[in-house]
Amino acid sequence: MPPKLKNGDAVVAFSGKWIAWVHTVVAYAAFLGALITGLYLHYRKIVENEYYGYPDEWFPSVSSTIGDRYPERSVFQVFIAMTSGPRFALVFLWYILTARPDSKLPKFVAGVGIFRTLTCGGWTYVTSTDDHGWHDIFMISYLVATLPWTLGCIALSPKANPKALKYRKILAGSFFGTLAPMIYFFIQHKVHKVAGAYTTYAFFEWSLILLDVGFDAVTALDFEGFELVIRDIQGTSRGKDHRVADALLEKEKDKPVGQVFGSGFSWSEAIDAAADVYNGYVFWSMLTSLGLTVWYFPLWHMGISGYEVMVMCTVSPFMLCSASFRPLIIKNVRYVHLLSLAGLLAYLVKRPELRLFSVGFGVSMSCLAWSATWYTERSQSKHLEARILAWTIGLIASSLSKFAFYSNNPIWPIMHAENGGWNKTGFVLAVLAILISTRRTADNRGGPEDVGGPQGSAVLAGLGLGGLFFGLHSLLSDSSTMILWVWEGYPVRGPIAANGVLTLLAMAGGVVHVIWLQEKAASWISIFWLAVGAYLLTSYSYWTGYLGAVLTAMELMSLAFPLIASGTRHGPVAFGLGFLIYNILVLAHVWVVAYAFVPGGPLLREHTDWVMTATVFFVTIGIHNVAKPRSGKSRQRSSKFGPSRFKSYYLYALMGLELLAISISYLRFPTNDYAPYHKDEKVMTAGIWTIHFSLDNDMWSAERRIRDLIKEVEIDVIGLLETDLQRIIMGNRDTTQFLAEDLGMYVDFGPGPNKHTWGAALLSKFPILNSTHHLLPSPVGELAPAIHATLDAYGEHVDVVVFHSGQEEDPEDRRLQSEYLAKLMKDSPRPLILMSYLVIKPQEGNYNTYVGEKSGMKDIDPSDWDRWCEYILYKGIKRSGYARVSRSTITDTELQVGKFIVGQPEGNDERINEDQVPEGLRFPAKFRGEGVRGHRYHVFDEPRYYS
């Protein structure tokens with residue numbers, strides 16, 4: 001008979017703790033049941049991975065246990081289905097326990113709990129075999145939602161139950177503490193292919209499962225106060241008990257955390273913040289596109305073209321110095337912002353010159369609009385801080401979009417629908433964002449807030465802003481820029497492109513730092529750490545150098561706030577001067593590598609360290625110039641202008657961007673399971689191509705067209721030249737990221753952007769065992785980069801060299817380089833293929849150094865007289881075919897390809913007909929005749945084959 005309670009009869013009543021216990025038992029049964037079944041029936045199969053099996057690996061991972069094998073998968077799915085009921089009930093009871101009329105957090109946490117439950121079902125019932133993409137989406141979504149669920153549950157824990165809170169903190173700390181070693185051993189397995197590493201990874205992965213379920217099991221202690229009728233017999237859900245979050249906010253109400261999160265939630269304010277951040281994103285998207293569109297012209301002119309003057313369009317804030325123009329601009333700043341969107345619509349202009357002018361006009365208006373906005377709101381700290389927050393988070397959003405799109409920004413004017421652009425969507429959102437964010441008009445009748453300290457100098461403020469703008473743009477506008485500064489080849493000893501999320505997290509850390517510790521941001525401690533970071537980044541490689549990158553990112557982002565605020569105190573001239581100094585640093589940043597083509601170039605040759613020193617020096621001057629409050633006013637100012645609730649919306653946006661970055665990093669992590677096109681024939685198809693910085697003849701981004709040709713020619717190993725795009729003038733891009741991940745190839749970027757070359761990269765279907773970067777002798781002209789790598793080709797070690805020699809105008813440089821490279825190739829004891837750009841005539845001059853006794857190398861086709869730039873040479877391996885494929889409009893240089901058979905001797909120069917060649921050794925037939933998309937076999941009009 002149902003029990004009778006004080007408020008009436010109950011149909012059924014049992015303690016709420018049993019919901020938690022049933023959930024725990026059934027969830028553990030799902031995982032452990034699958035594990036026991038798998039170990040009993042398929043032990044050796046489920047411990048095997050793509051590299052090793054038993055006994056090197058002897059314990060299965062979670063994914064291999066619950067995957068596609070029957071009956072393990074069925075056991076897991078049945079028990080997970082049984083878990084869903086208690087799981088939804090657990091989330092519901094937790095909401096009942098923690099709900100308060102004046103708080104939105106319980107609703108948010110409940111929503112996250114439901115979302116996690118649904119995504120768990122997603123990755124459980126949609127396996128990687130069914131649909132790999134959706135399986136990963138569900139899995140990543142589940143993992144990302146774990147963070148707000150865990151932190152939310154801790155924040156909402158009833159204070160009256162310290163035991164439950166203690167267990168939650170222990171389990172949560174253990175859970176997140178397990179992530180670092182788990183990721184480490186996963187990298188050891190996936191990248192370094194260490195035997196046994198996956199077994200260790202598996203133990204950490206299983207620990208996460210136990211801790212995750214255990215965290216939710218703690219609710220059994222909280223639900224003891226519930227009796228399911230459902231009736232709260234202790235009144236806990238009516239707010240009689242304070243939560244951890246309540247106590248924290250009460251204690252910290254006068255401190256930053258309390259001021260930021262201490263009030264309710266407003267959708268209108270959240271939309272305003274999102275619009276502001278998107279406006280910041282658009283600013284950075286347009287600014288980063290300016291140098292890229294300018295670069296097209298000196299690239300094709302092979303020297304200064306005159307269009308470089310467009311970089312000066314950023315100095316438009318000087319217009320605000322005019323007493324007649326300033327009121328007009330400030331009053332109509334919304335329309336100035338709208339005019340700036342000409343930069344987003346530039347993709348509609350087909351003629352490169354006019355497209356550049358459209359971008360230049362848009363950037364000019366954008367710099368003017370943002371400077372006017374900052375200056376206008378100088379008298380209202382809250383509004384000014386919001387704009388600076390939006391501008392800095394907009395940079396993170398821009399860098400994140402490039403992280404997601406393999407270093408291209410989808411709304412750049414070099415993008416369109418055919419090559420992955422989102423231009424229309426970006427423009428529509430930009431219009432909406434401007435209309436929303438500019439509807440709030442600041443009261444600009446007052447001057448800047450009086451902080452009581454020395455006012456400083458407008459010139460010094462401008463120098464600080466110039467250093468800031470340049471530092472943010474040159475180092476942080478792409479998450480992989482500083483990673484490539486510290487890259488030194490294989491084996492991997494530092495970060496890779498997928499680790500760009502760490503740069504984005506460091507940038508976010510700088511923003512959070514200035515919100516939490518606003519008055520300490522403009523301190524000499526910050527300058528010290530900025531200088532340390534710049535020194536480590538400039539002087540060291542691998543993880544030590546990247547530590548400097550992290551410090552630099554954090555400090556530059558945090559220093560943006562005091563430097564921009566200081567600029568508003570000195571009038572528009574500070575912003576105009578800031579962008580002028582920025583332009584000078586941009587030119588110096590190009591001069592260090594383009595010294596052979598520009599006036600006065602040798603003065604800055606290879607002096608990135610000078611440019612970095614100038615950047616830090618200018619920022620230091622700017623911080624020294626920041627007005628300091630008098631001590632008597634410090635506390636009053638902190639209270640009046642310190643962190644307030646509006647900042648919480650920008651933090652929410654920041655958190656959302658960083659969670660997205662983590663998800664993208666997971667999706668972009670290399671699989672390292674690549675295979676050559678014709679492995680049965682043991683063929684290595686090698687190519688050399690100068691890709692002209694991935695801008696085609698019509699100023700469009702060419703990565704996808706490059707990808708298509710490499711894929712259709714079935715190239716296993718390719719050397720790409722003119723690939724270093726990690727400068728402002730080239731958009732801070734990296735073509736190799738997209739090519740390597742889309743084609744499934746290992747990649748060595750080559751000498752980094754701080755090595756002052758035009759770039760040389762290696763992509764390979766075969767594992768790269770070791771690679772060394774070389775800068776060949778160049779006493780006069782541009783530096784000549786080379787990569788010497790050893791590949792594991794069908795179990796044999798084969799060396800490849802990618803090389804770009806100096807210019808025709810520097811014969812002594814080229815002679816010294818030929819001798820250096822000849823010795824390098826001669827000293828290699830292994831079969832070797834050279835993929836190169838040599839600037840020689842066949843059979844003449846330095847050709848006889850590269851080919852012959854000095855080097856031990858042979859020409860892939862000595863009878864091919866129509867060559868000047870690209871050459872393929874080889875030794876110790878059988879050459880079976882050679883082809884030259886026309887470039888279409890992708891670049892200014894053809895693609896040369898050679899086929900080699902691994903494990904066979906060199907052979908002779910006797911040519912044979914294609915019908916004598918096995919099918920797997922032939923070049924694709926589609927490029928005969930007229931070919932496809934402007935690509936065809938040319939010069940000989942067909943491939944050549946050799947016996």
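Index from 1, following the sequence.
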Exercise. Any side-chain heavy atom of F115 sitting closer than 4.5 Å to one from T119?
Worked result: yes
Taken in chain and number order and not counting sequence neighbours, the residues that satisfy ring-ring contact (aromatic ring centres under 6.0 Å, His included) with Y542 are none
Q) Do T98 and V109 touch side chain to side chain, with heavy atoms closer than 4.5 Å? A) no
- Task: Could you check L179 against Y184 for side chain to side chain contact (heavy atoms under 4.5 Å, CB included), going step by step and ending with a plain yes or no?
- Result: CA-CA 9 Å; L179 290 175; Y184 170 79; over 6 Å; no
Stepwise, does the side chain to side chain contact (heavy atoms under 4.5 Å, CB included) test hold for T200 with Q188? CA-CA 10 Å; T200 308; Q188 291 297 303; over 6 Å; no
Practice task
Please test Y43 against Y54 for ring pair (Phe, Tyr, Trp, His ring centres under 6.0 Å), starting from the C-alpha separation and ending with a verdict.
Solution key: CA-CA 9 Å; Y43 173 67; Y54 181 84; 5.7 Å; yes
Quick check against the 3.5 Å criterion: does T552 have a side-chain atom that pairs as donor or acceptor with the backbone of G548? yes
Between G214 and L171 the two heavy atoms that sit nearest each other are O-CD1, 3.4 Å
When rounded to the nearest 0.5 Å, the distance separating CG of L151 from OG1 of T146 is 10.5 Å
| Could you go step by step and tell me if F92 and Y95 meet the ring pair (Phe, Tyr, Trp, His ring centres under 6.0 Å) rule? | CA-CA 5 Å; F92 174 72; Y95 173 72; 7.4 Å; no
All heavy atoms of A155 vs all of L105, minimum pair found to be CB-CD2, 4.2 Å
Should the pair W206 and F31 be assigned to parallel (<30°), tilted (30 to 60°) or perpendicular (>60°) ring geometry? perpendicular
The side-chain contact (heavy atoms from CB on, under 4.5 Å) partner of L654 among L659, I396, L389 is I396
The complete set of side chain to side chain donor-acceptor pair (under 3.5 Å) pairs with one or both residues in residues 498-508, sequence neighbours excluded, reads T503-Y546
(Q) So L551 and L530, do their side chains get closer than 4.5 Å, heavy atoms only? (A) no
Under 6.0 Å between ring centres, would you say that holds for F186 and F669? yes
_Less than 4.5 Å apart, side chain to side chain, heavy atoms only: is that true for R116 and D212?_
yes
Nearest heavy-atom approach of V112 to P148 is CG1-CG, 4.2 Å
Here the gap from D56 atom CG to E48 atom CD, rounded to the nearest 0.5 Å, amounts to 11.0 Å
- State whether D216 and R168 are salt-bridged, where the test is any N-O pair (Lys NZ or Arg NE/NH1/NH2 against Asp/Glu carboxylate O) under 4.0 Å. no
Rounded to the nearest 0.5 angstrom, the OH-CD1 distance for Y28 and I209 is 9.5 Å
Are L97 and L93 close enough that some pair of their side-chain heavy atoms sits under 4.5 Å apart? no
ask   = Any side-chain heavy atom of L156 sitting closer than 4.5 Å to one from P106?
value = yes
**Item:** Between F59 and F203, ring centroids under 6.0 Å
**Value:** yes
**Asked** Could you go step by step and tell me if S526 and L559 meet the side chain to side chain contact (heavy atoms under 4.5 Å, CB included) rule?
**Response** CA-CA 8 Å; S526 295; L559 291 172; 4.0 Å; yes
Closest non-hydrogen atoms of H513 and S558, given as atom of the first, atom of the second and distance, are ND1-CB, 3.5 Å
When you measure from the side chain of E57 to the backbone of T199, do you find a donor-acceptor pair of N or O atoms at a distance under 3.5 Å? yes
Given side chains that start at C-beta, do those of R668 and F403 come closer than 4.5 Å, heavy atoms only?
yes
Closest non-hydrogen contact found for T392 with M557 is O-CE, 3.5 Å
Query - Check: S399 and L476 side chains under 4.5 Å, non-hydrogen atoms - result: no
So CG of L395 and CE of M507: to nearest 0.5 Å the spacing works out to 4.0 Å
Between the CD1 atom in I187 and the NE2 atom in H189, the distance rounded to the nearest 0.5 Å is 12.0 Å
Scanning both residues in full, the closest heavy-atom pair of S665 with A498 reads OG-O, 2.7 Å
query = Does CZ belonging to F108 count more than 12 external heavy atoms closer than 6.0 Å?
reply = no
key: side chain to side chain contact (heavy atoms under 4.5 Å, CB included) evaluation trace for C153 with F215   = CA-CA 10 Å; C153 288; F215 181 86; 3.8 Å; yes
Does the plane of the ring in Y652 sit parallel, tilted or perpendicular to the ring in Y649? Use 30° and 60° as the thresholds. perpendicular
* To do: Take Y650 and D276, measure what side chain to side chain donor-acceptor pair (under 3.5 Å) needs, and give me the verdict at the end.
  => CA-CA 9 Å; Y650 294 94; D276 284 348; 2.8 Å; yes
The reported gap from CG in L165 to CG in L221 (rounded to nearest 0.5 angstrom) is 11.5 Å
* Asked: For atom CZ of F204, is the number of surrounding heavy atoms from other residues, nucleotides or ligands below 6.0 Å larger than 12?
  -> yes
